[in-house]
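Report on one structure; see the data block that follows.
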Amino acid sequence: MLKYFEKLGTYALDYINEAGRMGIFLFHSAVSIVKPPYKIFPVLKQTYIIGTLSIFVILFTGAFTGMVLGLQGYHTLSKFGAEGLLGSAVSLSLIRELGPVLAALMVTGRAGSAMCAEIGVMRISEQIDALECMAIDPHKYIVAPKFIAGIISLPLLTAIFDVIGIFGGYLIGVGLLGANEGMYFSSIYKDVEFSDVYMGFVKSLCFGMLIIWICSSKGFFVHLSRDGGYGAEGVSRVTTDAVVLSSVSILVFDYFLTSVLL
Amino acid sequence: MNENIIIQLEDVRKSYGRQEVLKGINLSIVEGKTTLIVGASGQGKSQIIKHILGLVKPDSGKVLVYGKEINKVSKRELKEIRTNFGVLFQNAALFDSMTVYDNVALPLRERTKKSEDEIARIVSEKLALMDIEGSDDKYPAQLSGGMRKRVGLARALVLNPKIIFFDEPTTGLDVAKSNEIYRVFSRTQARLGYTSVIVSHDVPKIFKLADYVALLHNGAIQDCLTPEKFQLSDDPVIKEFVETTMGPLYSSEMEV
Ligand SMILES: Nc1ncnc2c1ncn2[C@@H]1O[C@H](COP(=O)(O)OP(=O)(O)OP(=O)(O)O)[C@@H](O)[C@H]1O
Ligand SMILES: [Mg+2]
């Protein structure tokens, strides 16, 4: 009986430990972002990896999300004879909710996992130790460019997702199902307010930081992970953890952000 | 003698689980001299280096570098201290997604404000010193084990550090190459006057380089002596080490 409590206690302590580690990691990273010198090239490179290389996936998923919204929205709205609102239904759900969330989930899968594995390998092959011994701050050198790139990329990717989604909805709703073209765009124009765009923007910014934070810190601390971060298996386990935790946090955080911003 | 002790380990202990690796290490590193740490495989030589570098925290005891306790100083002070270091890890720890050139150039790019031209000059000079010209564009995975070591050495020396830590610098190198590297060491040390801490199994050849030899046995430093005194020591453990490492060298003819 006592053994179970002991186990429970160890688990709890492990989690608290890890939370503390990640908190300190975030702090150090934030400090290293604002501290000079500022180097532009690493940020551009990371923006390319996180942002540019994600564009195709974002276009694809954005288009299909918009299309399915057009399909579902048209059928639901036509029950009330409100097809005219299709444009605002599609665009509002995209801008406020689906755009930021789905773009963040795609980036987690594409760039977050890669980032976690990359940093994890650097850790277990002592490359991070080597950096520290050269008096190069690994937060500044490895993590800071990724953070900045994430903060730049996510809102832009979300914007692309939203726009392409709205056209996807148009394609299906107007092109295929025959909703009124003018109504589609005028309802968007009428119903989408600045506060909606602002909400989407804040969300995507927060998700960007959340993804980079979770994925890079998981990789950074692979050697301290619960079941021992040894070799390839350690990195793979931590990468899975990072993607799961990051996706779950995006959805949970989304709820709280919405409730605060509404 | 007025010798400055710049690194001091006082009763350093470290355990991993039930295994006690370091059982009270006392060691002083003298400025401007070469201290050689020898001992059987798995005795904790690399661990001693990692303690001095501040990568591993001792369970008890103190590690003083420049009089400061390395695992208690602030992040900024630690960085300050580490600017003096040049380190070769046992596995070289090269940045595996960067070319040889970028590996060696990295410390210059991140820590100095030198122009790319200047960096190119210094890097090719260091690579030439280690006899690895012509592999600039290769990635660490495309190098042989010995070449990796030499790139690691070039990277460790590129900023002209004040203290160098070499964990088995010549393991995996052929005799001619390791002799050449020893020559480079003594030349650069004469020129730059750095302090060096070397872990090596290349006994007795590396003794020529050493000012002091420390034997690690059973988690403790047996003694830290000059190479001559070390070879003539009466201490039974040292005597046995000297006999097993050097004895067969001279009696090999008889054994075969
Ligand atoms: N992270 C760790 N966890 C558990 N044990 C460790 C760890 N690091 C080192 N050890 C143990 O500490 C001991 C000393 O290791 P170390 O690498 O310092 O040996 P060494 O003297 O450098 O050997 P070699 O000459 O083969 O390089 C070994 O028994 C090793 O198993
Ligand atoms: Mg070793």
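Keep in mind that what you see is a predicted model, and the values were worked out from it rather than measured.
- Within a 6.0 Å radius of CD in B/E69, other residues, nucleotides and ligands contribute more than 12 heavy atoms.
- Residue contact with chain A, scored on non-hydrogen atoms closer than 4.5 Å, involves the backbone and the side chain of B/D96 alike.
- B/F95 touches chain A through backbone and side chain together, each having a heavy atom under 4.5 Å away.
- Taking a 6.0 Å sphere around CZ of A/F253, one finds it holds 12 or fewer heavy atoms contributed by other residues, nucleotides or ligands.
- Residues B/F89 and A/C133 are in side-chain contact: their nearest non-hydrogen atoms beyond the backbone lie under 4.5 Å apart.
- Of the atoms belonging to B/L94, it is backbone heavy atoms, and not side-chain ones, that fall under 4.5 Å from chain A.
- By the 6.0 Å contact criterion, OH on A/Y15 is open, its count of non-hydrogen atoms from other residues, nucleotides or ligands being 12 or less.
- In this structure, CG on B/N91 lies 7.5 Å from OG on A/S125, to the nearest 0.5 angstrom.
- Annotation for B/E118: atom CD counts as buried by contact number, over 12 foreign heavy atoms lying within 6.0 Å.
- Annotation: A/F201, atom CZ; neighbour count of heavy atoms from other residues, nucleotides and ligands within 6.0 Å does not exceed 12.
- In the displayed structure, A/K35 atom NZ is contacted under 6.0 Å by at most 12 heavy atoms of other residues, nucleotides or ligands.
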Take A/E132 and B/K75 through the test salt bridge (Lys or Arg N to Asp or Glu O under 4.0 Å) and record every step on the way to the result.
CA-CA 11 Å; A/E132 284 183 344; B/K75 221 180 156 213; over 6 Å; no
Mind running side-chain contact (heavy atoms from CB on, under 4.5 Å) on B/K79 and A/M134 for me, showing each step along the way?
CA-CA 8 Å; B/K79 205 172 156 188; A/M134 291 176 196; over 6 Å; no
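- Summarising the local packing, NZ of A/K39 is surrounded by more than 12 heavy atoms from other residues, nucleotides or ligands at distances under 6.0 Å.
- The CG atom of B/L53 sits 9.0 Å away from atom CG of A/D129, with the distance rounded to the nearest 0.5 Å.
- Ion pairing of B/E110 with A/K140 is absent here, as no side-chain N (NZ or NE/NH1/NH2) approaches a carboxylate O to less than 4.0 Å.
- A distance of 12.0 Å separates CZ of B/R76 from CG of A/D137, quoted to the nearest 0.5 Å.
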